[in-house]
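Report on the following structure.
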Number of protein chains: 2
Amino acid sequence: MARGELGVAAVARRAGVSTATVSNVINRPEVVSAATRSKVLAAIKELDFVPNRAAATLRQGSNRLVGLVVPEILNPFYAAIASSVADAADRAGYAIALCVSHDDPARELRHFETLAEQRAAGALVVPLSADPSRLSQLRMVGARLVLVDRVSAEHEGCSVAIDDVEGGRIAVEHLLAGAPRSIALVNGPRSIPQCVNRRVGARTAMAAAGLDPDSLVEFEVTDMTVDEGRRVGIEIARAGGPRAVFCINDQLAVGVMRGLGEEGVSTPAEALVVGYGDLDLATEGALPLTTVGQPKRELGELALSRLLAELREGDSHHHTATMLQPYLVVRDSAPAAA
Amino acid sequence: MARGELGVAAVARRAGVSTATVSNVINRPEVVSAATRSKVLAAIKELDFVPNRAAATLRQGSNRLVGLVVPEILNPFYAAIASSVADAADRAGYAIALCVSHDDPARELRHFETLAEQRAAGALVVPLSADPSRLSQLRMVGARLVLVDRVSAEHEGCSVAIDDVEGGRIAVEHLLAGAPRSIALVNGPRSIPQCVNRRVGARTAMAAAGLDPDSLVEFEVTDMTVDEGRRVGIEIARAGGPRAVFCINDQLAVGVMRGLGEEGVSTPAEALVVGYGDLDLATEGALPLTTVGQPKRELGELALSRLLAELREGDSHHHTATMLQPYLVVRDSAPAAA
DNA sequence: CTGTTAGCGCGTTCAA
DNA sequence: TTGAACGCGCTAACAG
């Protein structure tokens with residue numbers, strides 16, 4: 001109304017029916033006779049009636065709104081999740097509240113509060129820390145939660161993640177197929193779970209090939225950037241180090257390729273490089289980087305569908321922890337073994 | 001309240017005050033004496049009271065929620081806008097509803113309806129078409145609108161955009177400083193306003209240098225991708241075409257560099273290339289691409305601040321159309337003239 | 001500074 | 001299948 005708004009009452013009057021009937025036409029059209037229905041719809045159109053969802057929310061205790069809480073939206077990985085979640089939410093008639101925690105736990109907490117105040121039906125969250133106690137505020141108002149890209153034994157609810165161990169494994173498995181003298185791992189800080197897990201996978205692949213996991217030549221960088229990668233690439237080249245390099249992300253891989261190249265070690269002729277993440281810079285062909293792809297779209301879609309299922313099923317719902325499988329994207333930097 | 005919820009009344013009882021006082025503590029703390037305030041805050045904490053914004057919205061006619069309607073969130077340009085808008089909204093205590101129209105006008109329209117039903121206070125929209133009539137639904141419920149990255153003479157409201165003409169101009173101006181024999185423009189479809197505007201700027205720069213704008217050697221591609229750019233790069237190289245190339249976006253520029261390179265034309269020694277957009281693939285150093293940078297963060301922040309100003313000022317607000325200036329980011333693909 | 005009261009618009013009874 | 005009436009939780013207006 002806001003502009004002389006009148007609500008269902010006005011529509012009811014106009015259509016010569018009761019407010020309950022108008023409500024039914026909007027929410028359960030199948031329960032209203034075709035004749036009344038079209039009368040009501042006509043009245044709605046004539047009056048430019050816009051249902052007030054706040055009233056419905058107040059009445060029903062929950063809004064058709066789901067929160068999407070991510071650490072960062074500039075990161076293409078999260079952007080991809082947001083994109084698929086937005087699509088799926090759209091189809092289901094839910095609005096999505098974008099919450100960017102920006103690596104700030106306080107901000108994340110404020111977002112939970114806001115979602116609770118809005119009586120969001122639920123939230124998909126990529127939590128900053130796996131500490132589940134922070135999520136209690138949301139549960140308090142009956143919101144359902146799905147953990148995305150993280151798993152937590154303590155989390156009471158569904159979770160959907162991508163198997164980083166497997167990703168590390170297939171990356172190194174692929175490199176080993178080239179029968180290199182030795183293999184390097186360019187890793188990020190151990191404080192990042194992904195780095196830990198991908199490394200575990202890498203070592204698993206070594207062991208599976210009958211090699212000593214400790215023979216993996218490890219480099220650890222603080223910033224997982226192209227520049228750091230380049231530095232490591234130069235170092236590897238000068239030291240005559242491994243000619244097969246698994247980088248924990250694509251930025252590092254790009255840098256390593258450049259660093260190697262600057263020292264006269266060409267890819268893939270003299271060195272193989274595998275990245276991780278399948279960023280646009282790889283996808284769009286900026287660089288022919290062999291990398292580990294992640295089912296980002298499925299991740300988002302599945303997360304939302306788990307949430308909706310929980311909403312639908314209520315207490316009869318039983319939680320699931322899903323692990324999606326990454327896949328190898330073979331390009332020139334590490335071609336398939338002959 | 002969803003879990004035996006009781007609302008302000010319960011808090012009021014617990015604190016021994018009236019509901020109005022509780023409301024004041026929440027919304028205008030400065031109007032309540034320190035003593036009562038702390039009593040109320042204590043009660044709120046003890047009861048784990050979570051204000052129900054739906055009720056407030058119902059009462060006030062508008063939610064502290066702004067819609068962000070973008071064509072696509074995977075596009076890093078829009079992701080950057082989303083990021084800055086999210087930050088700014090956060091600071092202002094607004095939630096943001098992410099609406100991805102995905103190049104589908106019907107979906108865009110549904111988003112407007114949803115925002116209207118949620119009684120969003122306003123929306124920042126990057127419209128699919130400049131047709132302003134589609135926005136009426138939102139206005140109908142009193143929502144304020146700010147147009148982002150588009151201008152429309154017919155739009156009743158503020159707008160914030162980036163000056164693409166100027167961007168095209170500085171790009172070609174920079175190339176001209178290298179005193180090339182001639183200049184190529186690799187453009188996208190004329191149906192895209194950005195392509196038209198950047199071209200205008202390019203021609204302006206030609207004219208300003210005393211050259212015939214028609215001497216600009218133009219290539220037009222349908223898909224503005226790396227692959228298409230590569231195709232054009234090869235074509236330019238083989239034809240012995242211009243050795244200074246302005247590409248309408250960074251993907252094309254990357255492709256052109258590659259295509260030229262494949263034909264033995266090296267950058268920047270034998271050819272200069274300038275892109276547009278300053279995508280991550282450039283920023284992160286994947287490729288040392290000289291390009292036109294855009295103040296994306298400012299764009300988002302300013303858009304939201306215009307919206308908030310309009311909300312604050314009400315009818316005394318007067319609309320503004322702001323044009324932000326792009327800037328040249330000089331890297332190796334077209335270094336500064338000696 | 002604080003209390004009282006009257007709806008905001010809708011979904012849901014319950015009866016007809 | 002439809003109608004009448006109630007109240008969800010909150011805030012604006014006014015009274016004290």
Side-chain angles (χ1 to χ4, degrees), chain A residues 1-41 43-44 47-64 116-119 121 140-142, chain B residues 1-41 43-44 47-65 116-121 140-142:
Chain A
M1 335 266 287
R3 277 268 168 287
E5 193 176 5
L6 279 173
V8 284
V11 176
R13 211 174 311 122
R14 173 83 167 209
V17 300
S18 78
T19 61
T21 301
V22 175
S23 174
N24 280 333
V25 169
I26 295 173
N27 301 301
R28 294 134 61 200
E30 70 282 2
V31 95
V32 181
S33 75
T36 10
R37 196 191 318 150
S38 57
K39 258 195 314 189
V40 171
L41 289 175
I44 288 180
L47 297 176
D48 281 323
F49 167 68
V50 181
N52 188 330
R53 187 140 294 282
T57 299
L58 178 55
R59 196 53 238 255
Q60 303 179 323
S62 151
N63 198 350
R64 288 183 75 81
E117 293 181 6
Q118 294 274 1
R119 296 301 187 266
M140 210 168 302
V141 294
Chain B
M1 349 239 303
R3 277 271 168 285
E5 192 176 6
L6 279 172
V8 284
V11 176
R13 212 174 309 123
R14 173 82 169 209
V17 300
S18 77
T19 61
T21 300
V22 175
S23 175
N24 280 332
V25 168
I26 295 172
N27 301 300
R28 293 134 63 202
E30 70 282 2
V31 96
V32 181
S33 75
T36 7
R37 197 192 315 152
S38 57
K39 260 195 312 191
V40 171
L41 289 175
I44 287 178
L47 297 177
D48 281 323
F49 166 69
V50 180
N52 187 330
R53 186 140 293 283
T57 299
L58 178 56
R59 192 54 237 249
Q60 302 178 320
S62 149
N63 197 350
R64 288 182 74 82
L65 174 76
E117 292 181 6
Q118 294 275 1
R119 296 301 188 266
M140 210 168 300
V141 295

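Convention: sequence-line order gives letters A, B, ...; per-chain numbering from 1.
- One interatomic measurement links the two molecules: CG of A:Leu58 to C1' of C:dG7, which rounds to 12 Å at whole-angstrom precision.
- Taking side-chain N and O atoms only, A:Gln60 has no distance below 4.0 Å to OP1 or OP2 of C:dC10.
- The nearest whole Å value for the distance from the CZ atom in B:Arg53 to the P atom in D:dC10 is 10 Å.
- B:Arg64 has its CZ atom 16 Å from the P atom of D:dC10, to the nearest Å.
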Which donor-acceptor pairs under 3.5 Å do side chains of residues 6-17 of chain B form with protein atoms, sequence neighbours excluded?
| residue | atom | partner | partner atom | Å |
| --- | --- | --- | --- | --- |
| B:Arg14 | NE | B:Glu46 | OE1 | 2.6 |
| B:Arg14 | NH2 | B:Glu46 | OE1 | 2.4 |

Provide a list of protein-nucleic acid N or O atom pairs under 3.5 angstrom, restricted to nucleotides 1-4 of chain C.
| residue | atom | partner | partner atom | Å |
| --- | --- | --- | --- | --- |
| C:dT2 | OP1 | B:Ser33 | OG | 2.9 |
| C:dT2 | OP1 | B:Thr36 | OG1 | 2.4 |
| C:dT2 | OP2 | B:Ser33 | N | 3.1 |
| C:dT2 | OP2 | B:Thr36 | OG1 | 3.2 |
| C:dG3 | OP2 | B:Ser18 | N | 2.9 |
| C:dG3 | OP2 | B:Ser18 | OG | 3.4 |
| C:dG3 | OP2 | B:Thr21 | OG1 | 2.8 |

Can you give me every donor-acceptor pair (side chain of residues 33-41 of chain A, partner residue at least two apart or in another chain, under 3.5 Å) with its distance?
| residue | atom | partner | partner atom | Å |
| --- | --- | --- | --- | --- |
| A:Ser33 | OG | A:Thr36 | N | 3.4 |
| A:Ser33 | OG | A:Thr36 | OG1 | 2.3 |
| A:Thr36 | OG1 | A:Ser33 | O | 3.1 |
| A:Arg37 | NE | A:Pro29 | O | 3.4 |
| A:Arg37 | NH2 | A:Val32 | O | 3.2 |
| A:Ser38 | OG | A:Ala34 | O | 3.3 |
| A:Ser38 | OG | A:Ala35 | O | 3.0 |

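- Atom C1' of nucleotide D:dA4 and atom CZ of A:Arg13 are separated by 15 Å, given to the nearest angstrom.
- Closest non-hydrogen pair, B:Thr57 versus B:Arg119, comes out as CG2-CB, 4.1 Å.
- Among C:dG9, C:dT12, D:dT11, the nucleotide with an atom closest to any side-chain atom of B:Val8 is D:dT11.
- Summarising the geometry, the separation between CD on A:Gln118 and C1' on D:dC10 is reported as 14 Å, rounded to the nearest angstrom.
- One can place CG of A:Asn63 at 14 Å from C1' of D:dC8, the figure rounded to the nearest angstrom.
- If you measure from atom CZ of A:Phe49 to atom P of C:dG9, you get 10 Å, rounded to the nearest angstrom.
- Here the CD-CG distance, from B:Glu117 to A:Asn63, works out to 10.5 Å after rounding to the nearest 0.5 Å.
- At whole-Å resolution of the value, CZ in B:Arg59 and C1' in D:dT11 are 5 Å apart.
- Across all non-hydrogen atoms, the minimal contact from A:Gln118 to B:Arg53 is NE2-CD, 3.8 Å.
- Listed by first and then second residue, the salt bridge (Lys or Arg N to Asp or Glu O under 4.0 Å) pairs that reach into residues 22-35 of chain A come to none, sequence neighbours excluded.
- Taking B:Ser23 as the reference, B:Asn27 meet the side chain to side chain donor-acceptor pair (under 3.5 Å) condition, with sequence neighbours excluded.
- Checking the phosphate oxygens (OP1, OP2) of C:dG11, a side-chain nitrogen or oxygen of A:Asn27 falls inside 4.0 Å.
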